[in-house]
A.B. asks: 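Here it is, the structure in full.
Chain letters run A, B, ... following the sequence lines, proteins first, then strands; residues in each count from 1.
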Amino acid sequence: MSRRFGGEGLRAARHVLRAYPALLRVGFADMFAYRAELVVWLLTMNMPLVMMALWTAVAATGPVGRFGQREFVAYYLGMLLVRILTGSWLVWELTMEIRQGTLAPRLLRPIHPLWAHSAMQLAAVPMRAVLVSPLLFILYWAAGERLPLHEPERMAIALTAIAGAWMLLFLIMAIIGTLAAFVESALSIFDVWLGAQAVLSGYLVPLELLPPWVAQAARYLPFRYILGFPVETLIGLESTSSALHELGVQALFIAGSLVAALALWRAALRRFAAFGG
Amino acid sequence: MRLLRHYARLLAVQMRTSLTLAVQYRFDFLLEGALALFWLAITLIPLLVVYSRRESVAGWSFPEALVVVGWFSVLKAVLDGGVTPSLNFVVEGVRKGTLDFVLLKPADAQFLVSTARFEPWRILDFLGGIAVLVYAFHRLGRAPGVGDLMVGLALFGVALILLYSLWILVVSVSFRVVKVDNLSYLFISIFDAGRWPIDVFKGALRLIFTVVFPLALMTTYPAQALLGKLTLAHALLAWTGGLAFASIARFVWKRALHAYTSASS
């Protein structure tokens, strides 16, 4: 199946493009079936609000570095926004399919399962956008002057960074989810990933408030490009030139994870076949 | 009295099953130990960052806030080791219909599902929390007074009752809304806020964390008790609140069980 990504080239690409709209529609309908779950899942994202409460209490006696109360509010609202928009459930779906064997019928279809999954997860984005729209209003009210509404260039960078974050997280989840073919505890690995991400992406604390060597190290790790970087560009904490530079780094991470995900998928398929036959 | 002995024996049987399951995966012991340290570090990092910038936050000094974190870690270990596994057991049972087998057994259903699963390795997280508590009092340069310790332990009881009641409420919800794998995630994510003293929160969040999801009673009050800052009136209030919460939970559980029609019918 993975041949379709490489060898047959153009025909395969046309094939995927033809099937994609239908897959998106299926994904959209599927998500409507589980809307209660979606709301519960949304409520689990309360950590940025708690951190916002904490830091605004701290900043009541004066700004912390570049961050005053308004900056903290904007930062954590941005976090919430990006986290909800760019999240996906791929890792849970993949591990379940691999463990329960429901991956097998997917392999019979003439489209790479990762493409099919990407359509399912992308289809959830409009609904996610609707759900976060109230946040957007609060963000505008709290820090409107920080948003790049009148600067198309910065706006484009921020939106690209958010789209890149979606792709990067999707690919990371694909890698960790595929590991389920090799080890039993793929979900525990993802838990550890989330723990590291909470610190190194700026989700818990803005990276620039961490010790300088941690903040520096985070620039060479993928975590920051999933949350911290898109948020910082969105609320204008980053200059245009350095944001452009970091878009490049993000693209590198995306390319690297794409290669790794496809290679791992190939290896996993060989093992998966061995499971059944 | 005989009934009590009967249930004590049942509890021992259930715990032995979980223990047998756990020792099958001895290697997990090392892994869980490493993970316990990892999560403790993640819990401490925001605290360290905040207190590297300020001497005190909302009236709490660093060692005092550490007491709250230590207490939080201890409770979290109890939650992960004794509460969440059973929660997942029930939610799965409701979806697959296997809960019926439990309900058919000649013992109180609430007791059976509450003791269905334990994860003994969580004792490591528990010890980690205790270590933080000891370090916090070392930093303070004094030990908690005997009276304060007693009040603290009494409030530990309240915290356990509250945890358990909240859990029963969540399970009751799972009877109605079947597809709720996410409920345990939600529970844990809200509980995470308990690592901060309640005084940090203002307005709506503070109200929610005191009355609706009483985190204040679970972590801040016991920490204040250990620090000798809690008045007796507050301690009594906490106990009353805990008991009220427990009776509401038991009532809701009974109602939910009554309405439960199993996945097959």
A.B. asks: B:Gln224 versus B:Trp60: any side-chain heavy-atom pair under 4.5 Å?
C.D. replies: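 Yes, side chains in contact.
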A.B. asks: Using a strict cut-off of less than 4.0 Å between a Lys/Arg side-chain nitrogen and an Asp/Glu carboxylate oxygen, indicate whether A:Arg66 and A:Glu71 qualify as a salt bridge.
C.D. replies: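 Salt bridge between A:Arg66 and A:Glu71, a charged N being under 4.0 Å from a carboxylate O: no.
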A.B. asks: Highest number of heavy-atom pairs under 4.5 Å with chain A: which of B:Ile190, B:Ile188, B:Asp199, B:Val57?
C.D. replies: B:Ile190
A.B. asks: Can you say whether B:Leu35 sits under 4.5 Å from chain A via the side chain, the backbone, both, or neither, judging by heavy atoms?
C.D. replies: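 Just the side chain, heavy atoms under 4.5 Å.
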A.B. asks: I'd like to verify something: which residue of B:Pro46, B:Ser56, B:Ala41 has the highest number of heavy-atom pairs under 4.5 Å with chain A?
C.D. replies: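 Ranked by heavy-atom pairs under 4.5 Å with chain A, first place is B:Pro46.
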A.B. asks: Counting only non-hydrogen atoms closer than 4.5 Å, does A:Val205 touch chain B with its backbone (N, CA, C, O), its side chain (CB onward), both, or neither?
C.D. replies: side chain
A.B. asks: Against chain A, label B:Ile45 side chain, backbone, both or neither, depending on which of its atoms sit under 4.5 Å from a heavy atom there.
C.D. replies: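 Contact with chain A involves the side chain of B:Ile45 alone.
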A.B. asks: Any chance the rings of B:Phe191 and B:Phe72 have centres within less than 6.0 Å?
C.D. replies: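 Yes.
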A.B. asks: Taking the six-membered ring where the residue is Trp, are the ring centres of A:Trp141 and A:Phe137 under 6.0 Å apart?
C.D. replies: no
A.B. asks: Do A:Leu237 and A:Tyr75 have side chains that get closer than 4.5 Å, going by heavy atoms?
C.D. replies: yes
A.B. asks: What part of A:Val58 gets closer than 4.5 Å to chain B, counting heavy atoms only: side chain, backbone, both or neither?
C.D. replies: both
A.B. asks: Can you confirm if the NZ or CZ of A:Arg83 lies within 45° of the ring axis of A:Tyr203 and under 6.0 Å from the centre of its six-membered ring?
C.D. replies: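 Pair A:Arg83/A:Tyr203 counts as cation-pi.
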A.B. asks: Please look at A:Leu204 and chain B and tell me whether the side chain, the backbone, both or neither of the residue comes under 4.5 angstrom of a heavy atom of that chain.
C.D. replies: side chain
A.B. asks: As a test of understanding, state which of A:Glu238, A:Met79, A:Arg224 forms a side chain to side chain contact (heavy atoms under 4.5 Å, CB included) with A:Val231.
C.D. replies: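 Going through the options one by one, the only one that passes is A:Met79.
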A.B. asks: Top residue by heavy-atom pair count (under 4.5 Å) with chain B, among A:Gly195, A:Ala57, A:Gly62, A:Gly65?
C.D. replies: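 With the most close heavy-atom pairs to chain B, the winner is A:Gly195.
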A.B. asks: Under 4.5 Å heavy-atom distance to chain B, tell me which part of A:Thr61 shows up: side chain, backbone, both or neither.
C.D. replies: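 Both parts, backbone and side chain.
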